[in-house]
There are 2 protein chains.
Amino acid sequence: MKIDNLNWSILKLLQENARYTNAEIGRTIGLSSPAVAERIKKLEDIGVIDGYKAEINHIQTGYQLKAFVTLRAFMGKLKPFLEQVKTYKEVLNCYRITGNENLVMEVVLYDQFHLEEFIDKLITYGEVRTSIVLSNVIENNPIGKNR
Amino acid sequence: MKIDNLNWSILKLLQENARYTNAEIGRTIGLSSPAVAERIKKLEDIGVIDGYKAEINHIQTGYQLKAFVTLRAFMGKLKPFLEQVKTYKEVLNCYRITGNENLVMEVVLYDQFHLEEFIDKLITYGEVRTSIVLSNVIENNPIGKNR
DNA sequence: AATGAAATATACTCCCT
DNA sequence: AGGGAGTATATTTCATT
C-alpha cells in the first residue's frame with residue numbers, strides 16, 4: 001500500500017482530532033470536501049484507518065490506577081487464559097509478546113483493592129508481574145510518514 | 001466527578017466510534033441532538049474526554065513491527081532520557097512505572113534494522129528490554145461504567 | 001481523482017419549558 | 001437540563017473535466 005503526502009496529512013489530522021470535519025481537513029490541506037471524504041473512505045476500506053476512538057481520562061472516570069501486567073503462563077494455561085482475558089473489563093489492551101513473558105496487558109483499576117483482586121484472578125494462570133503507571137511521558141504520539 | 005448513565009452511554013458510543021454524529025447518539029440513547037452536544041461539551045471541558053483519535057493500522061502504513069521496550073536508566077540518565085524520548089517518532093506511548101524498570105514504551109518500527117537502530121539509541125541511557133508484539137488479543141477495549 | 005453545484009442531513013444558537 | 005425552531009454549515013450524490 002502506497003500512501004501519498006495528502007493522505008499522510010489527512011492521517012496526521014485525524015490522529016490529532018478524529019472529529020475534524022471533511023471541510024476543515026480540506027481547507028487545511030487544500031482539497032475540496034468531497035475529495036477528502038473519498039480519500040478517508042478509501043483509507044477506511046483498505047484498513048489503514050481502523051476506527052475512531054474517544055480518549056477517556058481513566059482517573060476522571062474513577063479508575064485511579066493504571067498498570068502494565070505481564071503474564072508468563074504455566075504449562076497448558078495460556079490458551080484458556082486467552083479466552084478468559086476477554087471477559088476482564090479492566091483490560092484495555094492485551095498483546096502476545098516475545099521474551100520471558102507471554103502476554104502484556106494494559107489495565108485500569110479503581111484502587112489498590114481492585115488491583116489485588118485482579119492479580120488474584122491471574123495467578124492461577126501463571127507468573128504475574130505488575131508495573132503501576134506513575135505518569136505519562138508521551139501519550140498518543142501520532143504515527144508519521146514512512147521513509 | 002459524577003457520571004450518570006446517559007453520559008456513560010455517550011462515552012461507550014464515542015469509544016466505539018468517535019465519529020458518530022450527535023444525532024445518531026441522540027437517537028440511540030433517546031435524547032435530542034442539542035442535549036447530546038451539550039453533554040459532550042461538558043465531558044470535554046471537565047476532561048473526562050481527552051480527545052478523539054483515529055486508530056491507524058501500523059502494519060498498513062509500513063511499520064512491520066510493534067514492540068514494548070522497557071528502560072532501567074543508569075544513575076543520572078533518567079532525566080536526560082525523559083527529554084530525549086520526546087524526539088523519538090517511533091514511540092507511541094511512554095510511561096513512568098514502578099518496579100525494576102523506570103519506563104515502558106510502546107513503539108512501532110519499520111523492520112528489524114529499525115529496531116536495532118532504536119535499541120542502539122537507548123543503550124547509552126540504561127538497560128533495555130525488548131518484547132516484540134506477536135498478535136493483538138484485546139485492542140481498545142472501552143472503559144465502562146464504574147461500580 | 002478532483003471540482004462545483006444541488007439536495008439532504010447535521011450542527012449550532014436561541015428561546016422556551 | 002432538555003426540547004423545538006431557525007439558521008449556518010457539512011455531507012452526499014452526481015455531472016463534468
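Every chain is numbered from 1, with letters handed out A, B, ... down the list of sequences.
Side-chain atoms of A:Gln15 and B:Tyr52 include no donor-acceptor pair closer than 3.5 Å. With no hydrogens or angles considered, a side-chain donor-acceptor pair links B:Asn5 and B:Lys145 at under 3.5 Å. In this structure, a donor-acceptor pair under 3.5 Å is absent between the side chains of A:Asn102 and A:Arg96.
For the pair A:Lys121 and A:Tyr88, the cation sits on the ring face: its NZ or CZ lies under 6.0 Å from the ring centre, inside 45° of the axis.
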Check nucleotides 5-10 of chain D against the protein and report each pair of N or O atoms closer than 3.5 Å, with its distance, or say if there are none.
unit_1 : atom_1 : unit_2  : atom_2 : d
D:dA10 : OP1    : A:Arg27 : NH2    : 3.1

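Nearest heavy-atom pair, B:Lys86 versus A:Ile138, reported as atom, atom and distance to 0.1 Å: CA-CD1, 3.9 Å.
By the 4.0 Å N-to-carboxylate-O rule, B:Lys79 lies too far from B:Glu83 to be salt-bridged with it. Under a 4.0 Å N-O distance rule, the pair A:Arg39/A:Asp4 qualifies as a salt bridge. A salt bridge links A:Glu139 with A:Lys66; the closest basic N to acidic carboxylate O contact falls under 4.0 Å. A salt bridge is absent between B:Lys77 and B:Glu127; no separation between the charged side-chain nitrogens and carboxylate oxygens falls under 4.0 Å.
For DNA chain C, the outermost nucleotides in 5' to 3' order that have an atom under 4.0 Å from a heavy atom of chain A are C:dA1 to C:dA5.
Residue B:Lys2 contributes atom NZ, which lies 15 Å from atom C1' of D:dA1 at whole-angstrom precision. Atom CG in B:Leu6 sits roughly 12 Å away from atom P in D:dA1 (whole-Å rounding).
Heavy-atom distances under 4.0 Å link DNA chain C to A:Arg39, A:Lys42 of residues 38-48 of chain A, given in residue order.
Comparing B:Arg19 and B:Asp4, the nucleotide of DNA chain D nearest to each residue sits closer to the 5' end for B:Asp4.
Of the possible polar contacts, one joining the B:Arg72 side chain to the B:Asn100 backbone as a donor-acceptor pair under 3.5 Å is found.
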